[in-house]
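Structure first, commentary second.
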Amino acid sequence: MKTTRTQVAIVGAGPAGLMLSHLLHRSGIESVVLDIRTHEEIATTIRAGILEAGSVRLLVDSGVSDRVLTEGDRHDGVVLRFDGDNHRIDFQDLVGESVWLYPQTEVFIDLADRRKTDGGDVRYGIRGTAVDMSGARPVVTFEEADGGPARLEADLVVGADGSRSICRHAFPQGARTEWFREYPFAWFGFLTEAPQSHPELIYARSEHGFALISQRTPAMQRMYFQCSPAERPEDWDDDRIWAEMRRRVNGNGFELREGPISSKMVLPFRSFVTAPMRHDRILLAGDAAHTVPPTGAKGLNLALADVRVLHEVLTEYFAGGGERALDHYTPRVLDRVWKAQHFSYWATTMLHGIEGASDFDIERQRAELALVTGSRHGAAFFAEGYTGWSRR
């Protein structure tokens, strides 16, 4: 069995794992990154595409890439659409920040290229990963992509391996607490080859349910509408999808730009938090520790915020800070995690139709949207949450 020794074993080669490896490299700390997915699988999996200002600064200032600035699409606001009218939330005017439309696949490509250029040890397409915390130091065993057995010994293990994290389940029984909420609806997402319907994102609430108009490129758009978690993408042809989108969004002079549809999927909604995010010499980051509904565009941004703090904690640990440095990790990130959970839950329940809602519930939702869009203070609360509390 081939054995490798490193300071930090990182399980998960998505943006969180690769960003942590990159930051550690800049601080002179060795790491090995492992992922059961191939490079191609990660690079072609369509995920969220909104980056907070802080996430953009992390990518650029750490030397990953400035492509987000040259090829990303800066958005200075979003539109909340209800009762057939558009209401713009002006981020720059309200909080002096912006967000960038830059697909997660591009973030991964930038990070993967940076680690390759820097000679990083990133192993894609491995199998049979297992984490053993019983010895003098953590051990990760797995099969290399070529089938050969391998053993990775490390001082610390970081689980950045997503919502089905094996690292989270390596915590002993009773070592952490879980909070979980499942929602009674999902998003039906699809790509369409069409011009932009609007230069910024539109979050639309209608009597028929929620819809989101987003973008990917000038010629390729990403759209969603609220549906049942039991819906099957194969049951929806182009005509049916566009009919559903029209009745939720079109009206009062606004019309969607339509085109051929591809890449259909149903995205369930869940909220999840586990804490503490560290036990002994294993630490969690990103979806391994928390997931949020996509409404607030928080998932990737929370993961990168975790990693920013985790890098500081690990640097302190290897500089002689010991266990006390590791103890600081959970309290430093958990406050932001719960802020993001609240913002995502609040935006979701404000914008989505709830089955069985009474007339009172419906009117209350409408009044909530009117308060947010009709008050500078209400709009600023939304803008600060959406752009990521960068001043706090």
Side-chain angles (χ1 to χ4, degrees), residues 78-89 178-190 197-198 201-214 223-233 235-236 240-256 265-273 290-299 337-386:
V78 297
V79 170
L80 302 183
R81 180 175 174 82
F82 60 99
D83 294 338
D85 292 321
N86 288 349
H87 305 265
R88 185 171 185 265
I89 306 293
E178 290 187 356
W179 296 265
F180 179 75
R181 184 181 190 92
E182 189 161 16
Y183 296 78
F185 44 74
W187 276 3
F188 190 107
F190 61 95
S197 295
H198 194 271
L201 272 65
I202 297 179
Y203 289 79
R205 177 197 176 278
S206 79
E207 61 179 326
H208 305 293
F210 170 82
L212 170 61
I213 302 170
S214 183
M223 300 187 188
Y224 303 88
F225 61 85
Q226 178 184 346
C227 69
S228 164
E231 287 290 353
R232 302 192 314 159
D235 292 339
W236 290 75
R240 186 184 179 194
I241 290 171
W242 284 121
E244 191 62 38
M245 286 295 295
R246 286 185 214 113
R247 72 180 189 139
R248 298 187 187 202
V249 178
N250 284 5
N252 290 358
F254 179 84
E255 291 189 5
L256 288 168
M265 64 179 292
V266 172
L267 181 64
F269 272 38
R270 297 183 181 90
S271 295
F272 171 78
V273 178
H290 43 72
T291 57
V292 292
T295 317
K298 292 286 157 241
V337 168
W338 279 112
K339 282 181 180 178
Q341 289 288 354
H342 167 70
F343 181 78
S344 300
Y345 171 85
W346 169 68
T348 297
T349 54
M350 178 173 65
L351 288 161
H352 288 72
I354 308 298
E355 186 176 356
S358 67
D359 291 343
F360 176 90
D361 296 326
I362 294 169
E363 292 304 321
R364 188 208 58 77
Q365 275 185 311
R366 182 178 288 113
E368 189 172 16
L369 280 162
L371 282 170
V372 170
T373 57
S375 158
R376 183 173 180 83
H377 294 293
F381 176 81
F382 184 95
E384 186 179 43
Y386 199 92

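Here the structure is a predicted model, which is why all the values come from computation and not from measurement. One-based numbering along the sequence shown.
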*To the nearest 0.5 Å, what is the distance between CZ (Phe269) and CZ (Arg181)?*
13.0 Å
_Tell me whether Asn252 at atom CG has more than 12 heavy atoms from other residues, nucleotides or ligands lying less than 6.0 Å away._
yes
*Calculate, to the nearest 0.5 Å, the distance between atoms CZ and CZ belonging to Phe82 and Arg366 respectively.*
8.5 Å
*I would like to know whether Ser344 and Thr295 meet side-chain contact (heavy atoms from CB on, under 4.5 Å); could you show each step before the answer?*
CA-CA 6 Å; Ser344 300; Thr295 317; 5.7 Å; no
*Provide the closest heavy-atom pair for Ala383 versus Ile89 in the form atom of the first, atom of the second, distance.*
CB-CG2, 4.0 Å
_Please identify which of these residues, Arg246, Arg248, Arg240, meets the salt bridge (charged side-chain N to carboxylate O under 4.0 Å, His left out) condition with Glu244._
Arg248
*State whether the number of non-hydrogen atoms from other residues, nucleotides or ligands found under 6.0 Å of Glu182 atom CD is greater than 12.*
yes
*ring pair (Phe, Tyr, Trp, His ring centres under 6.0 Å) involving Phe210 - partner list, sequence neighbours excluded*: Trp187, His352
*For the pair Met223 and Leu256, evaluate side-chain contact (heavy atoms from CB on, under 4.5 Å) and give the outcome as yes or no after the intermediate values.*
CA-CA 11 Å; Met223 300 187 188; Leu256 288 168; 4.1 Å; yes
_Sub-4.5 Å side-chain heavy-atom contact between Tyr345 and Tyr183_ = yes
*Residues in side-chain contact (heavy atoms from CB on, under 4.5 Å) with Ala357, at least two apart?*
Ile354, Asp361, Ile362
*Minimum heavy-atom distance Tyr224-Gly189, with the two atoms named*: CD2-CA, 3.5 Å
*Measuring from Met265:CE to Phe188:CZ, what's the distance to the nearest 0.5 Å?*
10.0 Å
_Restricting to side-chain contact (heavy atoms from CB on, under 4.5 Å), what partner residues turn up for Ala186, sequence neighbours left out?_
Cys227, Pro229, Val266
_Polar side-chain atom of Gln341 near backbone of Phe272 as donor-acceptor pair, under 3.5 Å_ = yes
*For the atom pair CG (Leu80) and CG (Leu351), what is the distance rounded to the nearest 0.5 Å?*
6.0 Å
*State which residues pass side-chain contact (heavy atoms from CB on, under 4.5 Å) with Ala340; sequence neighbours excluded, sorted by chain then number.*
Lys298, Leu302, Trp389
*State, with a plain yes or no, whether a side-chain heavy atom of Val337 is found less than 4.5 Å away from one of Val292.*
no
*For Glu368, salt bridge (charged side-chain N to carboxylate O under 4.0 Å, His left out) partners two or more places apart*: Arg364
_Between Arg81 (side chain only) and Val249 (backbone N and O only), is there a donor and an acceptor less than 3.5 Å apart?_
yes
*Nearest 0.5 Å please: distance from the OG1 atom of Thr348 over to the CZ atom of Phe185.*
6.0 Å
*Validation row: Ile213, Phe254 side chains within 4.5 angstrom (heavy atoms)*: yes
*asked:* If you count every heavy atom of other residues, nucleotides or ligands that lies below 6.0 Å from Phe360 atom CZ, does the total exceed 12?
replied: no
*From CH2 (Trp346) to CZ (Phe381), nearest 0.5 Å*: 5.5 Å
_Can you list everything that forms a ring pair (Phe, Tyr, Trp, His ring centres under 6.0 Å) with Phe382? Sequence neighbours excluded, please._
Phe343, Tyr386
*Sidechain-backbone polar pair: Gln226 side chain, His208 backbone, donor-acceptor under 3.5 Å*: no
